[in-house]
Amino acid sequence: MSHHFISYFSDNFDQTNIEEIILTDTNLSLNHQNDIVLDPSLIKKNIYSIEADRLIETNQFENYYTILKEYIDQGVKLIRIKDLGLLDRLFQDYSDEVKVILNLETAHHNFHSINFYEKKYGDFIDRFIISTEITFDNLKEIIQKLKTKVELYVLGPILLFYTPRKLLSNQINEEFQQSLEDRPYLKASGTSMESPHSGFSLYENQAGTLMYAPNHFCLLDMLEKLKSIGVDFFRIDLRGLPIETRNKIESNYLKGLDEESYQDFKNLYPHRILKGLFVVNKSKVLFKKLKNKTLENIQDHVATVVEVVKDSHLVFKQETDRVLKIGDEIQLLSPDKREKIVKINQLKSISGVEVDQTRQGEHFIIKSIPAISVKSKIRKIN
Amino acid sequence: MKQTFIPELLSPAGGLDKLKMAVDYGADAVYLGGQEYGLRAAAENFTSEQLIEGVRYAHQNQSKVYVTLNSFFHDEDFSDLLSFLKFLEEIKVDAVIVSDIGVINYILEKTSLCVHLSTQASCVNEYAAKAYADMGVSRLVLGREVSLNEAGKIKKYSGLEIELFIHGSMCMAYSGQCVISNFTAGRDSNRGGCAHSCRFEYELDFEGQKKVESTFMSSKDLNGLELLNHYSLNEIDSIKVEGRMKSVHYVSTVSKVYRKALDLLDNQGQIERQQFQNLQSELLKLSHRDYTLASLIDPAGSESIYDERNYDPNDMGIVGEILEVVNQEFCLVKVRTPIKNLEKIEIMPFEKNNIVLDQLELLDVIGGKMERANPGRLIRIPYFDGLEERNIIRRFN
């Protein structure tokens, strides 16, 4: 079964499954690396899409829009965008002339958010680019409910970070910078000094600075499964690979991979590959571990312990109007779940005066109680 | 004479104590997170009971409460959302802050809650703003890449209220677009688990020709105090202070400084140089990275990068806060950082000028002398007119 591939190159256009070529522009695209000369015959066949995937601040918007219009005037009918403002402006101006491929790879991980665009912009959206952080099972459910076609990224580097600030050029002197300026970008490799990660690819260009993961993303072994749930288009990004490797991948590995060819592919591909969060996304599971247990809340308490001095005293704040009196039994629950039940035999105000009962909002002193620490909660037992 | 436009002061409330402090020190509104759906999973956050108490306290003091629901949802996250939204409606929170376009529409369809668009949605131009206005959003928290001038234009074009950050830590990436933490630490930064990988030091290798060690992705902290009148001129409706994870010292000091600055602007139409310097010196007392204006005037350049790793978030400036004023005789103070006998301290009332004590005689809770008090201990300090519960005590520098 053939698949619809989308790529940034056109070297072997006629011999591969590649059906769409993504154009990038130094003024429009997040990651522009190579200029492609537009082939008029391919324009007629609607082969090109232009990647205009930046977020655009107000002061840059008109200039950006003017450059994008030049592509539309040349006959490019498919525009890859991310910015909601650009989507809305194109919808106002060009809803009969072009279609957009809406990039929802970040910030859109549920049906409701994707469906919003389908409801509002209808056929103006040719297809959605869906996030690879959505797991396969969830993606299946979402696609079943959508009318619009879906594109998924299946091979290439993983974009981690995007800022409009220029973060590389200020790290090197001007002379060295000039020696690298025969390209539209500065490139570096990053190694974390504080975590075990190395091999981040970094680019600085007109869009700002981009950071890519050390490992690449690959779902080539899942193409049939993806197609069976309704993924219509598969995007690959082979930029940065040696031309021979690129050609081999385009010729041999875009038909889908069985176990054996997957192993061959892994041997050929110059980066480690992973499926990221696509198969299992447990990034929320860890959250509970971030919490400090001592901050867990115990309800129904009347007071909270604010100071404990071992073998001396304990100070608590009376927080509710259920006051404590001499003779009352109280239950003390420490943040680490230790429990004591004691009877109040002596009670002092914070001025050191003996009192019969507490008052809401004030602090009181009793004798210290072993195992009971600060932040322990006090409950009144009848 | 045209009246000076005075924005709302919006302070962070990482927990109930910080909410009360922010309100006491002059915040017109606070923003906070519940136990779910926010972007600060490690923060104390608010239980339902604390939310009720927080809203009660804020409203009693004429302040508003905005609740963050600004994570990017996966389908599974919707299951308990409606009951939480109904609860927020019932306790009358003033707005919810939301990033996810699906969640925005869900809330607008199913509740009467007022929706503010979170900065996480990276709304940075007027056309996106108008699209959000058409949806029914009432306020935009603009992306940190937007200048004051652009913010003014966006307000005019969209007709929406505009909220813009004025102080605090900055994401280097477009908010909501960064997934470093997801792929390196398995923690989804857009669901509250950010590991702050952008603050790490990296070795940069420029294609084998040059190597540099640098915290090149770490941004300096925003400090827009000197541009407060520009916020006013552009009619920015709300100035936002970042920092739900930050200390009570930070929340109280920043709230007091910006409250005072806004009041000066209101009363005098401008802030005099000396007044500005006094206020700025208060902000310098806080633990902070170097300050920057980021993109408030021009797009942030290389001077906005904090190329150091020695930021110490543990704030040693604070001594503690007043827990109780006892019969106008003495104040009971909870110690937060170690203090020695006879140190010089200053007490920060909510509105009045700070009170300086040259030598604080350390007394424990029962009046016994101490040479040193460690964090968690209670001490007595002398009472002065105007001191109140939750006033901050700090070292005098």
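First the proteins, then the strands, lettered A, B, ... as listed; each starts at 1. Just so it is clear, the model here is predicted, and its values are computed rather than measured.
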Contact origin within [X] toward chain B - heavy atom pairs under 4.5 Å:
X: A/Ile114; answer: neither
X: A/Asn59; answer: both
X: A/Val308; answer: neither
X: A/Lys348; answer: neither
X: A/Phe111; answer: both
X: A/Tyr162; answer: both
X: A/Val315; answer: side chain
X: A/Leu168; answer: both
X: A/His363; answer: both

Heavy-atom distances under 4.5 Å only: say whether [X] touches chain A with side chain, backbone, both or neither.
X: B/Val326; answer: side chain
X: B/Asn149; answer: side chain
X: B/Ile154; answer: side chain
X: B/Leu323; answer: both
X: B/Cys123; answer: neither
X: B/Met217; answer: both
X: B/Ile366; answer: side chain
X: B/Glu53; answer: neither
X: B/Leu332; answer: side chain

- Message: Any carboxylate oxygen within less than 4.0 angstrom of a Lys/Arg side-chain nitrogen, looking at B/Glu145 and A/Arg54?
- Response: no
- Could you tell me whether B/Glu126 and A/Arg89 have a side-chain N and a carboxylate O separated by less than 4.0 Å? no
Do [X] and [Y] have side-chain atoms, one donor and one acceptor, less than 3.5 Å apart?
X: A/Glu362; Y: A/Ser349; result: no
X: B/Ser99; Y: B/Gln120; result: no
X: B/Ser158; Y: B/Lys130; result: no
X: A/Asp53; Y: A/Asn103; result: no

Could you tell me which of [options] has the largest number of non-hydrogen atom pairs under 4.5 Å with chain B?
options: A/Gly190, A/Gly352, A/Pro164, A/Ala213; value: A/Pro164
options: A/Asn170, A/Asp88, A/Ile56, A/Val374; value: A/Ile56
options: A/Leu159, A/Ile158, A/Ile365; value: A/Ile158
options: A/Thr106, A/Leu167, A/Asp83; value: A/Leu167

- Please tell me if the side chains of A/Met211 and B/Tyr202 come closer than 4.5 Å, counting only heavy atoms from C-beta onward. yes
Do you know which of [options] has the most heavy-atom pairs under 4.5 Å to chain A?
options: B/Glu329, B/Lys153, B/Lys211; result: B/Lys153
options: B/Asn105, B/Val146, B/Thr184; result: B/Thr184
options: B/Tyr132, B/Phe330, B/Phe216, B/Tyr174; result: B/Tyr174
options: B/Pro299, B/Ser219, B/Ser295; result: B/Ser219
options: B/Ser147, B/Ala131, B/Gly15; result: B/Ala131
options: B/Gly367, B/Ala129, B/Ser304; result: B/Ser304

Give the ring-plane orientation class for [X] versus [Y], where under 30° counts as parallel, over 60° as perpendicular and anything between as tilted.
X: A/Phe124; Y: A/Tyr121; answer: tilted
X: A/Tyr203; Y: A/Tyr212; answer: perpendicular
X: A/Phe61; Y: B/Tyr127; answer: tilted

- Query: Do other residues, nucleotides or ligands put more than 12 heavy atoms under 6.0 Å from A/Lys310 NZ?
  - Reply: no
- What one should report as the nearest heavy-atom pair of A/Ala107 and B/Asp100 is O-OD2, 4.2 Å
- Message: When you measure from the centre of the six-membered ring of B/Tyr106, is the NZ or CZ of B/Lys110 closer than 6.0 Å and no more than 45° off the axis?
- Response: yes
- At what distance, to the nearest 0.5 angstrom, does CG of A/Leu84 lie from NZ of A/Lys120? 7.0 Å
- To the nearest 0.5 Å, atom CD1 of A/Ile350 lies from atom CD of A/Glu307 at 8.0 Å
- Which of B/Arg336, B/Lys334, B/Arg390 passes salt bridge (charged side-chain N to carboxylate O under 4.0 Å, His left out) with B/Glu321? Answer is B/Arg336
